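Numbers here simply count residues along the sequence, with the first being 1. Since we're looking at a predicted model, the values are computed, not measured.
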Amino acid sequence: MNNRWFQLVASLVAMIMIANLQYAWTLFVVPMQKSTGWLLPQIQFAFTLFILCQTWVQPLDGWLIDRLGPRLFITLAGVFAGFGWGALSVASSLPQLYLFYAIAGVGAALVYSGCVGSALKWFSDRRGLAAGIIAAGFGGGTALFVPVIRHLIDTRGYQTAFLWTGIFQGTVIVIVAQFLRHPKADATSAAPKAVVKTTTSRRNTEQFTTLEMLRTPQFYMLYVMFVMMSIGGLLATAQAGPLVQAFGLPLAALTAATTLSPVANGTSRIFWGGVSDRLGRENCMVIAFFLQAISLVSVVTFGTTSSTLFTITMVLTFFTWGEIYSLFPSISGDWFGTKHSTSNYAFLYTAKGVASIFGGGVGALLYQRFGSWAAVFYGAAALAFIAAIMAIVLRVVQLPKKGAVAAAPVPVPATRGA
């Protein structure tokens, strides 16, 4: 119970169990559309609601988990996630679809904030490594289940796939929750010190509370960038099934893409996080965000021509997108301090909820409006390109200061150092 590596693995298992709730959704979209006759935008609005719940609940539950511990809340998360996802098997109307998927989103929020927060507390000396591993579990966990889910949908129907995976995932989360603990006060102080490494990332010496952070213009600059960078990956996540159908590709292309893309997604969170320790957060953002823009364009150009190229372009898209879930929490800690990092990042993470509006329902509406996914993905690529330009600006934006007047940040030469 008091071994931090045991706690990390337990949290990782819980995160893997909620990965399907987001990343396996696209496997169900087309079968659901054929079975019910619901329109694509109507179905994908459920995805938007899920992401909104999964992100906007976190500022509240993160505050509670910090004070009351993870065991109770992760247990509730297992009930919500298992019931919500499993109940989608009996959803016979759109309101039911929205309600059940939203309940699953609340469960995912409790797991995400509880497990990330726990990892940060147990590994106060190695936060980057611990957070990267936990985030990779959420981003890559679906790869373990895609073949099973695909088989269940093909042989038993999507309803059975929802039910069985919901029961399994919820049960595992509830079991894991019984082992989760916050470290005692002396446990963190006794943790072995990490080896000090040279980094080019700028770090603030001041510790910002969440309210103080929300008064800084730097936070909103990061927030806008987070929104713009989230849209492309959420589009690829939610619309992979409809993309395969629109491109006239075989279902094998969807299975391959949804199996390999989570691996790329999870790997990117650890890879780019490590690169950012050496190159600096802002420099890493510039590179990754430009590559994301190129990858999104490649999906609707090269990806339309064959199953192989579709899979490759989707893998590249996720590999240049998943890093936002390691870079933004890292730069949040760099700029606003680590004392209140769990609560601070919970507010920054709500940017993903805003992006889901465009990646889910609005993206599907735009597809219906233009009759092509090209315009949608070109738009997402343009946003990623703008985010890359903003990352260049970040390199010369001064670090936030307490009590500073809320005005546009004045570019000054960046001071590099550990």
K.L.:
Between Tyr325 and Asn265, do the side chains contain a donor N or O and an acceptor N or O under 3.5 Å apart?
P.N.:
no
K.L.:
Less than 6.0 angstrom from the centroid, inside 45 degrees of the normal: does Lys352 satisfy that with respect to the ring of Phe328?
P.N.:
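Not flagged: Lys352 not positioned over aromatic ring of Phe328.
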K.L.:
Using the six-membered ring wherever Trp is involved, compare the ring planes of Phe162 and Phe28 and label them parallel, tilted or perpendicular (cut-offs 30° and 60°).
P.N.:
parallel
K.L.:
Just by distance, no angles: are the side chains of Thr26 and Gln239 close enough, under 3.5 Å, to form a donor-acceptor pair?
P.N.:
no
K.L.:
May I ask you to test the Ile270-Ser326 pair for a side-chain heavy-atom distance under 4.5 Å?
P.N.:
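No, side chains not in contact.
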K.L.:
Could you check whether Thr165 and Trp85, counting side-chain N and O atoms only, form a donor-acceptor pair closer than 3.5 Å?
P.N.:
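Yes, because at least one side-chain N or O of Trp85 sits under 3.5 Å from a partner of the opposite role on Thr165.
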K.L.:
Kindly write out the residues that satisfy salt bridge (Lys or Arg N to Asp or Glu O under 4.0 Å) with Arg181, not counting sequence neighbours, or none if the list is empty.
P.N.:
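For Arg181 there are no salt bridge (Lys or Arg N to Asp or Glu O under 4.0 Å) partners, ignoring immediate neighbours.
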K.L.:
Tell me if the OH atom of Tyr378 is crowded by more than 12 foreign heavy atoms within 6.0 Å.
P.N.:
yes
K.L.:
Grab the two heavy atoms, one from Ala104 and one from Leu21, that are nearest each other, plus how far apart they are.
P.N.:
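In terms of heavy atoms, the two residues are closest at O-CD2, 3.5 Å.
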K.L.:
If you look at every heavy atom in Gly114 and Ile74, which pair is closest and at what distance?
P.N.:
CA-CD1, 4.2 Å
K.L.:
Among pairs that include at least one residue of residues 287-305, which meet salt bridge (Lys or Arg N to Asp or Glu O under 4.0 Å), considering only residues two or more places apart or in two chains?
P.N.:
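Found none.
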K.L.:
Taking all atoms of both residues into account, what is the closest heavy-atom pair of Pro242 and Leu40, and its distance?
P.N.:
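Scanning both residues, the minimum pair turns out to be CG-CD1, 3.7 Å.
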K.L.:
If every non-hydrogen atom of Trp5 is compared with every non-hydrogen atom of Asn3, which pair is closest and at what distance?
P.N.:
N-OD1, 2.9 Å
K.L.:
Can the ring centres of Phe319 and Phe271 be said to be less than 6.0 Å apart?
P.N.:
yes
K.L.:
Could you tell me whether the side chains of Trp25 and Gln44 share a donor-acceptor contact shorter than 3.5 Å?
P.N.:
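A donor-acceptor contact under 3.5 Å links the two side chains.
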K.L.:
Whether the Asn344 and Thr210 side chains hold a donor-acceptor pair (N or O, under 3.5 Å, no angle test) is what I'd like checked.
P.N.:
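Their side chains do contain a donor-acceptor pair, which is all the 3.5 Å distance test asks for.
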K.L.:
Looking at Tyr101, I'd like to know if its OH atom is crowded, meaning that more than 12 non-hydrogen atoms belonging to other residues, nucleotides or ligands lie closer than 6.0 Å.
P.N.:
yes
K.L.:
Hey, what's the ring geometry for Phe219 with Tyr223, parallel, tilted or perpendicular (30° and 60° as the breaks)?
P.N.:
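Rings of Phe219 and Tyr223: tilted, as their planes differ by 30° to 60°.
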K.L.:
Evaluate the criterion side-chain contact (heavy atoms from CB on, under 4.5 Å) for residue pair Met228 and Met390; output intermediate values, then yes/no.
P.N.:
CA-CA 11 Å; Met228 292 192 294; Met390 293 179 69; 3.3 Å; yes
K.L.:
Between Glu323 and Arg269, is there a salt bridge with N-O shorter than 4.0 Å?
P.N.:
no
K.L.:
Closest approach of Thr317 and Ala236, non-hydrogen atoms and distance?
P.N.:
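The pair with the smallest heavy-atom distance is CG2-CB, 4.2 Å.
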K.L.:
Taking all non-hydrogen atoms of both residues, which atom of Cys284 and which atom of Trp272 are closest, and how far apart?
P.N.:
SG-CE3, 3.3 Å
K.L.:
If we only count heavy atoms from C-beta on, is the Met285 to Ile331 side-chain gap below 4.5 Å?
P.N.:
yes
K.L.:
Evaluate Tyr98 against Gln42 for side-chain contact (heavy atoms from CB on, under 4.5 Å), listing each step before the verdict.
P.N.:
CA-CA 10 Å; Tyr98 300 153; Gln42 293 174 321; 4.0 Å; yes
K.L.:
Parallel under 30°, tilted from 30 to 60°, perpendicular over 60°: which one fits the rings of Tyr349 and Tyr345?
P.N.:
tilted
